[in-house]
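Working notes, beginning with the structure itself.
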Amino acid sequence: MRVSCLMLVTLRDDPAEAEIPSHKLLIRAGYIRRLGPGIYAYLPLLWRVLQKISAIVRQEMDATGALETLLPQLQPADLWQRSGRWAGYTAGEGIMFHLRDRHGRELGLGPTHEEVITALAADLLRSYRQLSVNLYQIQTKFRDEIRPRFGLMRGREFIMKDAYSFHANEGSLRKTYAAMDSAYRRIFRRCGLRTVAVEADSGAIGGSASQEFMVTADAGEDLILTSSDGSYAANQERAVSLAPEAIALPGGLRAAGAGELLATPGQTTIEQLSAAHGFDPSQLVKVLLLLARFEAGLRQPLLVCLRGDQQLNAVKLANAVSARLAPQHGVLLGIEPLSRELASELASKEGLQLDLDAIPLGYLGPDLEDAVLAQPKISLGLDPSAASSGTATGGAARAAAPLPAAAPHLARSFLRLTDPTAAELAAFVAGANKLDQHRLGASWKGLKLQPEIVDLRAAQPGDRCQHDPSQTLAAARGIEVGHIFQLGRKYSEAMQARFTNEAGAEESLWMGCYGIGVSRLAQAAVEQNHDADGIRWPLAIAPFEVIVVSASAQDPIQVQLAEQLYQRLRDAGIDALLDDRDERAGVKFKDADLIGIPWRLVVGRGAAQGQVELVGRSDRQRRDLAVEAAVAALLDLIPPARCGLQ
RNA sequence: CGGGGCGUGGCGCAGCUUGGUAGCGCGGGUGCUUUGGGAGCACUAGGUCGCAGGUUCGAAUCCUGUCGCCCCGACCA
């Protein structure tokens with residue numbers, strides 16, 4: 001390709017829209033253009049990069065026996081209703097773009113393809129003899145992100161490789177999961193990325209085991225925690241660790257563990273309490289009042305206890321709450337702090353009466369009685385079954401007959417969950433459930449409580465590791481470029497995807513799914529490979545492998561030699577670019593550095609003597625070589641570097 | 001959704017406080033000179049100052065509304 005024909009438009013100034021280096025560089029170097037928030041055009045240069053990444057992904061996926069396919073992006077709502085995700089994806093997080101066609105049928109633009117593929121599998125896979133299979137596709141996904149940002153990093157339209165495997169048993173799923181794990185490691189290595197594999201939360205996709213592949217970079221949106229020996233790495237959403245030892249409460253239990261009242265006027269935060277009375281935060285029990293909203297209308301108040309010095313991990317909480325109530329009440333739509341604002345919003349929007357004046361915010365103790373949620377005289381929508389009894393229907397049954405959108409109703413008892421750090425305290429300080437008063441020297445037994453214990457605390461950098469307390473966790477930022485899941489039978493059961501096993505019995509398929517953010521990966525590669533002058537593409541995914549530059553466009557000898565070299569390299573199968581523009585040398589050099597072609601072959605002053613200059617973009621090493629030697633060097637260096645595995 | 005910021009030639013910005021009919025740098029075009037790290041000179045094209053109201057003799061500038069974009073946050077009161 002000739003630069004004169006490339007529609008290359010580079011910018012001298014940083015664009016105002018971009019914040020992080022990779023985003024600025026991709027725009028400045030002419031790789032992308034923004035059309036709207038989170039919507040980008042992939043210009044010809046970037047398209048070449050994406051094609052190269054895709055080729056690597058294909059090679060590695062095909063090598064594992066996976067089958068490439070292409071699935072619809074326009075997906076009927078009933079598919080998503082059958083899996084139980086329509087409400088969560090449209091109403092709750094609202095991550096799915098959805099629309100009505102001219103007949104009033106609801107459709108979603110695919111943010112992922114579990115539903116589509118499972119419906120196909122249900123149709124096509126009938127016998128254990130057909131298993132296992134792993135189908136993948138590389139295509140555009142749509143997600144209505146709350147806040148798109150950083151260019152291709154979090155776009156509303158992006159390119160993803162997603163794969164879905166189907167198995168007759170869990171062992172087979174594990175095998176494919178392991179194969180995907182190693183294929184992913186090869187893919188990222190071949191793309192020139194430094195990644196770390198971390199334990200991850202399964203999030204909205206669901207399922208059991210899952211692992212994320214993170215490109216380590218300061219601009220990463222995820223916080224990852226790793227042990228010093230590297231044997232443990234997890235997303236902070238998921239990470240576990242040992243909390244620091246609590247400092248025993250001086251004086252221990254009071255009033256046989258019921259605690260003595262302590263006047264604490266205006267002291268509603270852990271900090272204020274500690275400062276006023278000399279407590280260590282680890283001597284306090286922090287009680288959080290939250291409200292969980294469910295698809296089928298349930299509004300469930302939560303009372304969450306943590307040790308005062310610990311932080312809540314919202315993802316762990318959502319998982320715990322969901323596990324307890326989602327089977328009866330549909331998808332968990334969200335959890336919010338139960339404030340006066342929220343209470344008045346509940347009253348005005350959903351007609352639910354909740355009298356927060358009965359609840360002394362800032363002075364809550366773990367023994368806060370359900371009576372505070374008691375129904376006021378006039379109230380609507382009481383559901384006596386919520387939270388306590390409830391009809392126990394299985395997930396499959398629920399999915400087969402989607403829950404009708406029920407009117408919002410408020411549970412009148414708390415779902416109480418306690419983190420071990422709080423549960424293990426022998427004597428603590430907690431709110432007295434009375435304004436301006438706390439209890440000193442209370443205990444769980446003394447308060448006549450049997451806490452339901454769930455890991456809810458956020459692991460922090462510096463915490464000791466569970467697998468080896470002599471090690472501590474360190475934090476790093478990461479960009480998630482890949483995620484693999486063992487889904488199990490969640491979707492196959494919901495969508496009735498069954499096969500006949502060897503014994504002739506019907507069984508639900510075992511599933512796995514495996515994603516790579518292809519367009520995000522391209523930007524992550526820039527984030528990890530750039531310098532003050534521009535991008536430094538790893539050769540395996542660079543849009544071109546070498547750029548031939550004649551220093552002077554006026555010197556016919558140079559121009560001719562550059563032309564010859566360009567032809568020879570192309571004939572030898574090298575992805576060569578020829579900068580044939582009538583520009584000064586400086587302009588061409590700057591552009592070559594900015595767009596980041598790994599090798600630059602300069603035809604300059606020495607052209608008449610058959611001397612050229614070969615410059616490496618990454619290490620900036622320059623070597624003066626005879627023409628033949630330069631060509632030989634490139635033919636020697638480039639082909640082996642292509643697979644990215646040296 | 002909450003908070004903050006910004007909308008002025010293709011791009012990056014100034015002008016707004018103190019109203020008087022729009023400017024700088026880059027980029028584009030033409031010509032001459034220059035030619036190994038984003039050249040110089042000259043000429044030139046290109047803007048209903050996001051949009052809609054209002055105040056005023058007069059609005060990019062003041063007021064109101066509206067739309068769009070960017071940043072931070074949206075879990076511990």
Side-chain angles (χ1 to χ4, degrees), chain A residues 8-20 23-24 27-30 33-39 93-94 146-151 221 236-237 266-272 281 284-292 302-318 321 334-343 345 349 356 359-364 419 421-422 431 456-458 532-534 549-555 558-559 579 581-595 600 602-607 611-613 615 620 622 624:
Chain A
L8 180 67
V9 178
T10 58
L11 304 176
R12 201 180 286 231
D13 299 313
D14 278 339
E17 75 194 65
E19 199 71 11
I20 62 173
H23 189 191
K24 289 178 181 168
I27 295 170
R28 278 191 58 206
R33 277 295 159 107
R34 192 184 68 90
L35 293 190
I39 307 173
E93 281 284 291
I146 297 176
R147 189 175 156 210
R149 60 183 127 182
F150 303 146
E221 290 191 280
Q236 196 196 17
E237 292 179 344
Q267 296 156 14
T268 59
T269 66
I270 301 290
E271 294 70 32
Q272 288 167 344
L284 312 178
V285 167
K286 173 160 65 177
V287 179
L288 307 175
L289 181 60
L290 305 150
L291 185 77
L302 311 175
L303 207 58
V304 173
C305 297
L306 290 162
R307 204 171 78 191
D309 61 330
Q310 298 301 310
Q311 304 297 314
L312 178 67
N313 179 321
V315 173
K316 290 181 181 176
L317 176 64
V321 170
I335 297 180
E336 298 155 89
L338 188 40
S339 58
R340 288 178 201 285
E341 294 75 40
L342 182 59
E345 196 183 305
K349 289 192 184 157
L356 279 195
I359 302 179
L361 297 176
Y363 297 93
L364 299 186
D419 185 74
T421 52
L456 295 173
R457 63 178 281 275
D533 293 319
V549 179
S550 55
S552 167
Q554 309 305 314
D555 179 348
Q558 288 185 25
V559 171
D579 195 341
R581 294 175 299 175
D582 184 10
E583 289 286 356
R584 297 161 59 90
V587 172
K588 297 187 198 178
F589 293 163
K590 285 284 185 193
D591 274 344
D593 286 349
L594 181 61
I595 66 179
R600 188 174 84 213
V602 183
V603 181
R605 301 190 194 94
Q611 289 289 115
V612 292
E613 184 181 290
V615 186
R620 298 186 174 286
R622 358 171 35 127
D624 292 304

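Numbers restart at 1 for each chain; the letters A, B, ... are given by sequence-line order, proteins then strands. Just so you know, these numbers use all the heavy atoms, side chains as well, and skip hydrogens, waters and symmetry mates.
- Counting any heavy atom pair closer than 4.0 Å across all strands shown, A:R307 reaches no nucleic acid atom.
- Side-chain atoms of A:L289 lie closest to B:rA77 of the nucleotides B:rC76, B:rA77, B:rG37.
- For A:E583, there are no side chain to side chain donor-acceptor pair (under 3.5 Å) partners at least two apart in sequence or on another chain.
- Using a 4.0 Å heavy-atom cutoff across all strands shown, A:R605 reaches at least one base atom of the nucleic acid.
- A:G362 comes within 4.0 angstrom of no nucleic acid atom, judged by non-hydrogen atoms across all strands.
- Using a 4.5 Å heavy-atom cutoff, the side chains of A:D14 and A:R28 are in contact.
- Residues A:C305 and A:V287 approach most closely at SG-CG2, 4.0 Å, considering heavy atoms.
- Annotation: of the two residues near RNA chain B, A:V587 and A:L306, the 5′-most nearest-nucleotide partner is A:V587.
- Within the nucleic acid shown, A:R33 has no heavy atom closer than 4.0 Å to any nucleic acid atom.
- Between A:V602 and A:R622 the shortest side-chain heavy-atom distance does not fall below 4.5 Å.
- Each of A:D14 and A:V287 lies near RNA chain B, and the nucleotide nearest A:D14 is the one positioned closer to the 5' end.
- Contacts of A:L594 with the nucleic acid, taken as non-hydrogen atoms under 4.0 Å apart, include base atoms.
- For A:E19, the side-chain atoms get nearest to B:rC71 when compared with the rest of B:rC71, B:rC11, B:rG36.
- At a threshold of 4.0 angstrom between heavy atoms, the contacts of A:L317 with the nucleic acid are absent.
- When heavy atoms are screened at a 4.0 angstrom cut-off, A:R34 is found touching the sugar-phosphate backbone but no base atom.
- B:rC70 and B:rG12 have their P atoms separated by 13 Å, given to the nearest Å.
- In this structure, A:E613 reaches the bases: a heavy-atom distance under 4.0 Å links it to at least one base atom across the strands shown.
- The distance between atom NZ of A:K286 and atom P of B:rA77, rounded to the nearest whole Å, is 7 Å.
- Using a 4.5 Å cut-off on side-chain heavy atoms (C-beta onward), A:K590 and A:R584 make no contact.
- Looking only at distances, no side-chain donor or acceptor of A:D419 sits under 3.5 Å from a matching main-chain atom of A:L312.
- Within 4.0 Å of A:L338, counting heavy atoms only, lies at least one base atom of the nucleic acid.
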Q | Under 4.0 Å protein heavy-atom contact, by nucleotide of nucleotides 24-35 of chain B - B base, S sugar-phosphate only | A | -BSS------BB

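- Closest to the A:Q311 side chain, of the nucleotides B:rC76, B:rC70, B:rC11, is B:rC76.
- Side-chain atoms of A:D593 and A:R600, non-hydrogen and from C-beta on, do get closer than 4.5 Å to each other.
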